[in-house]
Each structure stands twice: as structure tokens, then as C-alpha cells.
Amino acid sequence: MNIEELSGLPPGAVDHFRGEGIEELYPPQAEAVEAGATEGENLVAAVPTASGKTMIAALSMLSAVQRGGKALYIVPLRALASEKKEEFEEYERFGVTTGVTTGNYESTSDWLATKDIVVATSEKVDSLVRNGADWLSDLTCVVSDEVHLIDDRNRGPTLEVTLAKLRQLNPRMQVVALSATVGNADEIADWLDAALVDTDWRPIDLQMGVHYGNALNFDDGSTREVPVEGSEKQEAALVRDILREGGSSLVFVNSRRNAEAAARRLGGVSKNELTAEERTELADLAEEIRDDSDTETSKDLADAVEHGSAFHHAGLSSTQRTLVEDAFRDRTLKVISATPTLAAGVNTPARRVIVRDWRRFDPSAGGMAPLDVLEVHQMMGRAGRPGLDPYGEAVLLATSHDESEELFDRYIWADPEPVRSKLAAEPALRTHVLATIASGFARTRDGLLEFLEATLYASQSSEPGRLETVTDTVLQYLESNDFIERDSGGSDSAEADDGADGAFTSAATLAESGDRDEELAATSLGHTVSRLYLDPMSAAEIVHGLADADERPTALGLYQLVSRTPDMYELYLRSGEDEQFGELFYEREAELLGDAPSEFEEERFEDWLSALKTGKLLEDWATETDEEQLTDRYEIGPGDLRGKVDTAEWLLGAAESLAAEIDSEWTVAVREARARVEHGVSEDLLELVSVGEVGRKRARRLYDAGIEEPADLRTADKGVVLTVLKGEKTAETILENAGREDPSMDGVEPKSAGRTDGDGPAIGSDDADEDAARTETGDADDSQSSLGDF
DNA sequence: ACTGATTGGGTCTAGACAGCATGTC
DNA sequence: CTAGACCCAATCAGT
């Protein structure tokens, strides 16, 4: 189908696509149009990666906008949100506006009301629903990207419930679900009352094969000689082979450490194939990576990058990740060794994809478990860059003939698994039942069950009573924790409190059924929990912890408290560390909130200790231990540290709201602990870091020079300030931010601080082991840092 | 006696969403 | 119930 034949799009859209070099629609796209994508029909498109799914979405959304509507594009990852945003922003040329909203992407709800297309993560959409964003009821089209993620144990239910809610809110809204090729696309289509486009078609040829011995055997029967030289690994031979043809490769492995080791080794291959020019580019890139942070991970990455090889996993900082991805797309980097992050993330195609490890450690399986077919297919789908490569190759590695056959059977000839709803799991329901009640989607038990009937779970379930049983368990839990109230008596609507959420009264009325049924209402606390987007179990833990505290909780106490909630991804306790942290536990037991489990309940005690470890990490961060020492001491990447700190910040923010809600007297303590994590400083610096451009390092230097609060900045000797802050420009900006009248540094001479004597007040002097490892100006006595002596 | 290779035991294992109010060295 | 790569240290072979 030629794009000229398309109708119903905004004027200028066709020209725009032609400008992008698009003349013909790909077959799946044409099929989607025939199925009514541009006429507001529901559609499920199960097609391989990179075969033009986005175009299907774009056509649907643009035609919806042209009809005067508004579209929402739901993505699974924040990184994808910004990628799509850039793509859709091009439409502004013909007057279609786009807005993005994710957790860290700033934008208020009302602002989005004016946009034609909104891009958001599924969690963000869920949150918008909970907070009753008015514009949601204006939607006429919603696109759900990577809808097969409904199968994901953790995040799938959110997507599922959110789609169900949006549909209940706007019964006539068009739903377009984009999925990888899965086993049961038809079931998803049934659930969504949608037409189905299900195809294996790809715009660029994909050959799948297995490498064994010196040969690469493809699914079409062809064979390619790829000899393994000397003691090198199979993947090294494969990388070199394709590099000589000018192609890049992507190697998927199953652990971070393997990714790093593989990158190092493959650097030995790629460095022999570089031009002088590439070498300089890579050296620059390596420099940028080193600048980003000076941790071990960065050094290793930079070293590998100099040879044209990189690793990619969640321990990288987001800057590093972007640098690596961009350089790979530009073909500066020749090979990336990655954990599965990359398969799900942004678009980084390579000529040859090598799936080296097809088993992964899975504690629930008690050992190594094979990857899902779907996952492997997603990885293999990264092979081949349309327009750049003549074809793509996806290769699995076998060390024996038997294994080679097994791989063909298991992955190459096999169909992906069906998508199964994970909604009936208790943790998922806990959250969503509360949210459904709090936002007025259901006001009775029957109404709730009726709503749940509209989910994929219900349409798949063969066990009719199950959902009801779990729902009752969950209601019981929510009630006993004071998040909801049940009233089986009268029908007079005794609203729990503030009445709330008028936005969805129509939906609520719709869902309501029968007066004699048990009435459900969220308590004020329940509303807060739902709005804060907390797992009710996290909220309960925090509430109990705060309520149990007889005296002002310490930072460590609060950090450990939030670290043991299910919303905090746990830090793994290494062998030997249980002893170390057990000791720390006895030392500081009094600070911890709530009752510690007995040491004899091994599992729960271990959890308690690993939360203590995470808490201790946060405390170290909040006593100005520098990044390198932390990543070293806890053996984590710079990205992990950032992640922990972010999560803690979020949870402590939530804890502050909860504290206020339950009238806890420790609100201030929580706020202070949160501020300390946010800036990574001890209490004494909290005032200083509130000044713009002053972070933990500068604040500490100022403090040591006798400038202890913002007011001091206004009166301090400029020479001293200049010495401490080094740059003239920064000094001026900071003085200005502090509200000094004459911030100019013209003609000011650097001058050393007057008082070199006092080290200032001791930080955390109540804990003798605590004040080590703080970043000082001189850093001279770094060696005295008491590492590992907890 | 020193060095480099080999072997064996012990250890450890992917990912990343959200509130709220503004801005690192 | 199930694995396998890596690291480090100890041992061994070769010069």
C-alpha cells in the first residue's frame, strides 16, 4: 500500500512521512490500516521488533487527532518515553503536539491536557488515573507498546489494570496494542475486542543459527565457516568474522560480571580492526566516560571502550548508558556485551547478535533456568539495521552437537510462550484493589469483582473462584491495616472522609451494583497511600515503624525502615557479610524501628540484615562518603548507588506524608533524613546545600572554611570564598544564589581561610565509627578511612 | 630458584517503575 | 532436584 492512499490523517502528515523516505507501507502496516487502524478500530499488532510497529501507532494516533481526539502512548521504560517523544515531536510541523510525562520527567497534568499526543510509562498513567487527571476522559485513542509485558510478574498487572481502567473510563476509545510475536496474540485481541495482525514479517532478513565447532549453521540450511583460533572463545571468532565485513555485534550474557569480562576480552579482537581516526574517536569517548564518574566500573568501561568494545548493564550511570548506545549506533563502537537490559530497551541494532548465555540464575528455580523463548527472540530481533545492513544474523552458541540440536529445537524452531496475566498474585492485587477503591472505580465488593472481570486475567482464568478468594484475602489485609473500611450494613453513603475523586463518579456509578452488597471505601490513609503510589505493604511497614518509635528516630533507623519495604529493591547479602552486619545490628539495634525478627528465623533475619546493609549504605552516603568508596565497599555500580538513593528519596518523601497523616511527631526527623539522602550530606550541611549550585562537596569545603550557613555566604570574605570554590564564575553564581548584594568577584584575590584550626563540629560524633571517609578538601588522610570495620 | 601455566575450590548471579518540587563538581 | 563463569591461590612443569 502506498502512503498516498492513506486517508484521515492530518494534512501534511503524508508529506512528512514521504520526507522521511517512506513511500510504501510495510505489509503489517498495510494490514493494520485495512483492519481499521486509521478509523478508530481496536487493534492488536503482534509483529517482530523493528518491523514498523511505531508507524502503526503513529497512523492510529494521528488519525484520532485529526478526528478531533487525543491520544496516549504507553511505554514500558522511561528511556523509551524520551525516544518516542523525539520521534513524535516531528509532527509539530503539521500542528500535532506531543508531551511526555514520566516519574522524573517534569510536567504537570494540566499542561498535558493541551497536547494531542501524550507519552507516558504505564506506572505514570496508573498514577494519573489514581490522582484523577481530568484529561484522561478526553482520550480517544490509547496505544500500548510492548503489551506482552503484561506477562511480567512485577509490572505486568499495572499495565493490565490501567488498560482496563482507561477502557472503563472511555468505553468508545480506540485501543491499539503493540506486541512482540507471542503465542497467544489472539487471546489478547479477544480481551480487547480488537482485530488482530499477527505476522513474522520483517523488513530486513533475519537469519538465525547456532555456532558449534568451526561452523555457523543457519536455519535455512546454509553454513558459514567461522573458525575459532587458538584458545579464543566462540564469540570472539564470531565478532572478528563480522567485523571484517564491517558489521557490529551485540553479545548477550547472563550477568554483569560476564558482560564486563566479555567486553574486556572482545576489546582484544576489535582493537585490531580500527582505523586511526576511530581510535581517536574512541579515546575521546573513553575520556567522557571517565569524566562521568571515577569509579572502578567507569575505568573498566573506559578501558574497554578505547579498544572499540563496551559493556552495558544496569550498573552503569544513565550518562554512560547513553554514551555507549549512541556510539554503537554511530558505529564508533564495534561490539557491546550486554545483560538483557539492552534487549528490552532502546533501539540498538547490530549486524550480528550473539546470544552467548541462554541460561540465567533464577533463585526460584533453584539454579540456572533457561531463558524464555520470547526473551531470546527479543534479543535476536536486535539483529540487522534496516537500510544499513544487508541482513541480520542471530547466533546461539553450542559446545556440543547435542546442545546445538537442543538450541534449534528450543529457540529457533520454537514459538514464543503465551502471555499470561499475573494479576491474581497477592502483591499485585494488594496495590490495585486499593487504588481501584480509592479512585472510585468500585465502591462495593461486587463492583470490584465486576471491574476485575474486565481484565485479561479474568478472560484467561480457568479457575473461576480464584480471583474472588485472593480478592477477599486482600480486602482483609487492607482493612486490618486501616486502608479501607467495609460496611455491610446501610446503603447511606458514609464516605470515609474527604469524599474525593469526583472525576470518576460516572465510572463508579457504572461499576456499582446492588445495595445489599458490602460497601467499600478508602480511609484517608488509604487515599494517601494510593496517591503516593506505594505498595500498601510498604506503607504499613512505614506506619508501624513510625508509630513504634518512642524517641526521635535516627537517620539509620529510618533508612533501614524504608529499605525493608517491598518497594526497595534489596541489596544482596554476600557470604561473610551476615556476620559483619550481624555485628552492626547488635551495635545499633536500639536505633532500628519496629521489632527485629528473631535470629532463629533465619530467612526473615537475613532480610532484616540486608535491609540494614542498604540502610547503612544510605547512611554512609548521607555522611559524605564519596562515590568511589561506596561502590567499592558495597560492590555496586555507580548506577546502582544512584538508584538506591533515588528510591530512598522517594520512599522517605512518602514516609513524610504518611507521618503527617498519622499525626506522628517525627515528621521533621523524616524530612531531615530525606534531605540528607537527597543531597548526600550530614545534618550540619543541610542549610548550605539549599543554596543553588552548592552540592555536597562544595558545601563541605565552605563549612570547613567557617562558612556554615547561607547567611555566612552573604558576609564572608570573598577571597576565602574564591579559594574554597576555585572558579570565579561559580563563586559569583553561588554568592548570587545566596542572596548576596554584590556577588562580583572582580579583582578579588584568593585568600586562605582564616581558621585552619578547628575541624568544625564532629559529624555524627555519637557514633565513633561514623565520621571516617568523608570527602575533605585535602583528602590527604584517605587511608585512615575505616573501611569494613563495622 | 623463578616464572608461567594449570588446576581446584569458593563464590556469586538481570532488571528499574513511582511522589514532589527544582537544579551537580 | 538442576549451572557455569570467574577469581584467586596453590601447585606443577619447564627453563
Side-chain angles (χ1 to χ4, degrees), chain A residues 75-79 81 101-104 106 108 120-128 130-131 149 152-155 158-159 231 233 252-262 264 291-294 313-315 318-319 338-345 356-363 365-371 375 399 431 528-535 538 567-569 572-576 626-627 635 639-640 642-644 646-647 649-658 674 678-680 689-701 725-727 730 733 737 775:
Chain A
V75 292
L77 292 163
R78 288 202 289 236
T101 173
T102 66
N104 58 358
E106 157 277 325
T108 60
T121 54
S122 35
E123 283 78 8
K124 185 65 187 189
V125 178
D126 186 18
S127 161
L128 289 166
R130 294 181 187 201
N131 290 289
L149 291 173
D152 185 282
R153 184 158 294 285
N154 301 315
R155 300 179 54 207
T158 305
L159 178 57
S231 62
K233 304 254 180 180
F252 284 106
V253 298
N254 63 3
S255 74
R256 292 179 180 191
R257 205 166 51 167
N258 285 349
E260 294 180 16
R264 200 181 321 122
D291 281 352
D292 177 58
S293 103
D294 39 67
H313 58 60
S318 60
T319 320
T339 54
T341 354
L342 207 57
R356 194 191 77 177
D357 302 335
W358 56 278
R359 286 190 236 255
R360 171 180 53 212
F361 180 76
D362 178 0
M368 300 301 271
L371 296 180
E375 275 178 283
T399 50
T431 304
T528 304
V529 172
S530 171
R531 263 198 310 270
L532 288 171
Y533 212 82
L534 280 178
D535 182 333
S538 298
D567 278 309
M568 176 76 87
Y569 207 66
Y572 188 79
L573 212 53
R574 279 156 222 281
S575 61
D626 61 28
E627 197 189 353
E635 293 183 73
D640 298 301
R642 201 58 253 167
K644 283 282 170 307
D646 274 355
T647 311
E649 222 180 296
W650 167 56
L651 284 171
L652 287 163
E656 194 184 329
S657 305
L658 290 176
R674 194 199 81 103
E678 181 181 349
H679 299 287
V689 288
S690 68
V691 176
E693 296 284 300
V694 178
R696 62 200 306 239
K697 300 244 165 102
R698 286 176 182 167
R700 177 50 63 195
R701 287 208 299 269
L725 296 174
K726 299 183 175 131
T730 18
T733 329
N737 290 344
T775 316

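Letters A, B, ... are given to chains in the order of the sequence lines, protein chains preceding strands, and every chain is numbered from 1. Note that the structure is a prediction, hence the values are computed from the model and not measured.
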Rounded to whole Å, please give me the gap between [atom1] in [X] and [atom2] in [N].
{"X": "A:Arg531", "N": "B:dC20", "atom1": "CZ", "atom2": "P", "value": "8 Å"}
{"X": "A:Leu371", "N": "C:dG4", "atom1": "CG", "atom2": "P", "value": "13 Å"}
{"X": "A:Arg642", "N": "B:dC25", "atom1": "CZ", "atom2": "C1'", "value": "14 Å"}
{"X": "A:Arg698", "N": "B:dG23", "atom1": "CZ", "atom2": "P", "value": "15 Å"}
{"X": "A:Leu128", "N": "B:dA18", "atom1": "CG", "atom2": "P", "value": "10 Å"}
{"X": "A:Asp152", "N": "B:dA14", "atom1": "CG", "atom2": "P", "value": "17 Å"}
{"X": "A:Tyr533", "N": "B:dA18", "atom1": "OH", "atom2": "P", "value": "8 Å"}
{"X": "A:Lys124", "N": "B:dC17", "atom1": "NZ", "atom2": "P", "value": "13 Å"}

Given [options], identify the nucleotide with an atom nearest to the side chain of [X].
{"X": "A:Asn258", "options": "B:dA16, C:dA5, B:dG19", "answer": "C:dA5"}
{"X": "A:Arg356", "options": "C:dA5, B:dC25, B:dG19", "answer": "C:dA5"}
{"X": "A:Arg360", "options": "B:dA14, B:dG19, B:dC17", "answer": "B:dA14"}
{"X": "A:Thr647", "options": "B:dA18, B:dG19, B:dA16", "answer": "B:dA18"}
{"X": "A:Arg264", "options": "B:dA18, C:dC7, C:dG4", "answer": "C:dC7"}
{"X": "A:Lys697", "options": "B:dA18, B:dC25, B:dA16", "answer": "B:dC25"}

Shortest non-hydrogen contact from [X] toward [Y]:
{"X": "A:Arg155", "Y": "A:Leu77", "value": "NH1-CD2, 4.4 Å"}
{"X": "A:Asn154", "Y": "A:Asp152", "value": "N-OD1, 2.8 Å"}
{"X": "A:Ala259", "Y": "A:His313", "value": "CB-CD2, 4.4 Å"}

Tell me every residue that passes side-chain contact (heavy atoms from CB on, under 4.5 Å) with [X], counting only those two or more places apart in sequence or in another chain.
{"X": "A:Asp646", "result": "A:Arg642, A:Glu649"}
{"X": "A:Thr158", "result": "A:Glu123, A:Asp126, A:Thr162, A:His432, A:Tyr533"}
{"X": "A:Leu532", "result": "A:Thr528, A:Leu534, A:Ala654, A:Ser657, A:Leu658"}
{"X": "A:Asp535", "result": "A:Arg430, A:Thr431, A:Met537, A:Ser538, A:Pro566, A:Asp567"}

Partners of [X] by salt bridge (Lys or Arg N to Asp or Glu O under 4.0 Å), sequence neighbours excluded?
{"X": "A:Arg264", "answer": "none"}
{"X": "A:Arg356", "answer": "A:Glu235"}
{"X": "A:Glu375", "answer": "A:Arg360"}

Can you tell me if [X] touches the phosphate of [N], counting only side-chain N or O atoms and a distance under 4.0 Å to OP1 or OP2?
{"X": "A:Arg78", "N": "B:dA18", "answer": "yes"}
{"X": "A:Ser255", "N": "C:dA5", "answer": "no"}
{"X": "A:Lys233", "N": "C:dA5", "answer": "no"}
{"X": "A:Ser657", "N": "B:dC20", "answer": "no"}

Subject >> Atom P, compared across B:dA14 and C:dC6: separation rounded to whole Å >> reply: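 The answer is 13 Å between these two P atoms.
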Original post:
Which whole number of Å gives the distance between the C1' atom of C:dC1 and that of B:dA18?
Top reply: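 One C1' to the other, the span is 39 Å.
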**OP:** Mind grabbing the angle between the end helix axes of the helix from B:dA1-C:dT15 to B:dT13-C:dA3? Five pairs an end, 10° rounding.
**Re:** 10°
How is [X] classified with respect to the nucleic acid when contacts are heavy atoms under 4.0 Å: base, sugar-phosphate, or nothing?
{"X": "A:Arg153", "answer": "nothing"}
{"X": "A:Ala261", "answer": "sugar-phosphate"}
{"X": "A:Asn254", "answer": "sugar-phosphate"}
{"X": "A:Leu534", "answer": "nothing"}

**OP:** Using both distances under 3.5 Å as the test, list the Watson-Crick or G-U wobble partner of B:dG23, or none.
**Re:** none
**OP:** Please determine, for B:dA16, whether a Watson-Crick or G-U wobble partner exists with both distances under 3.5 Å, and give it or none.
**Re:** none
Original post:
Hey, which of these two, A:Glu635 or A:Leu77, hits DNA chain B nearer its 5' end, going by closest nucleotide?
Top reply: A:Glu635
Subject >> Name of the residue among A:Leu342, A:Leu371, A:Asp357 meeting side-chain contact (heavy atoms from CB on, under 4.5 Å) with A:Phe252 >> reply: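 Passing option: A:Leu342.
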Original post:
Under the salt bridge (charged side-chain N to carboxylate O under 4.0 Å, His left out) criterion, do A:Asp640 and A:Arg256 qualify, and how do the steps go?
Top reply: CA-CA 12 Å; A:Asp640 298 301; A:Arg256 292 179 180 191; 2.7 Å; yes
Original post:
Which parts of nucleotides 6-11 of chain B does protein reach within less than 4.0 Å, heavy atoms only, written one letter per nucleotide 5' to 3' as B for base, S for sugar-phosphate only and - for none?
Top reply: -----S
**OP:** Kindly state whether the pair A:Trp650 / B:dA18 counts as stacked, where counting means centroids closer than 5.5 Å and planes tilted less than 30° apart.
**Re:**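 Yes; centroid distance and tilt both under limits.
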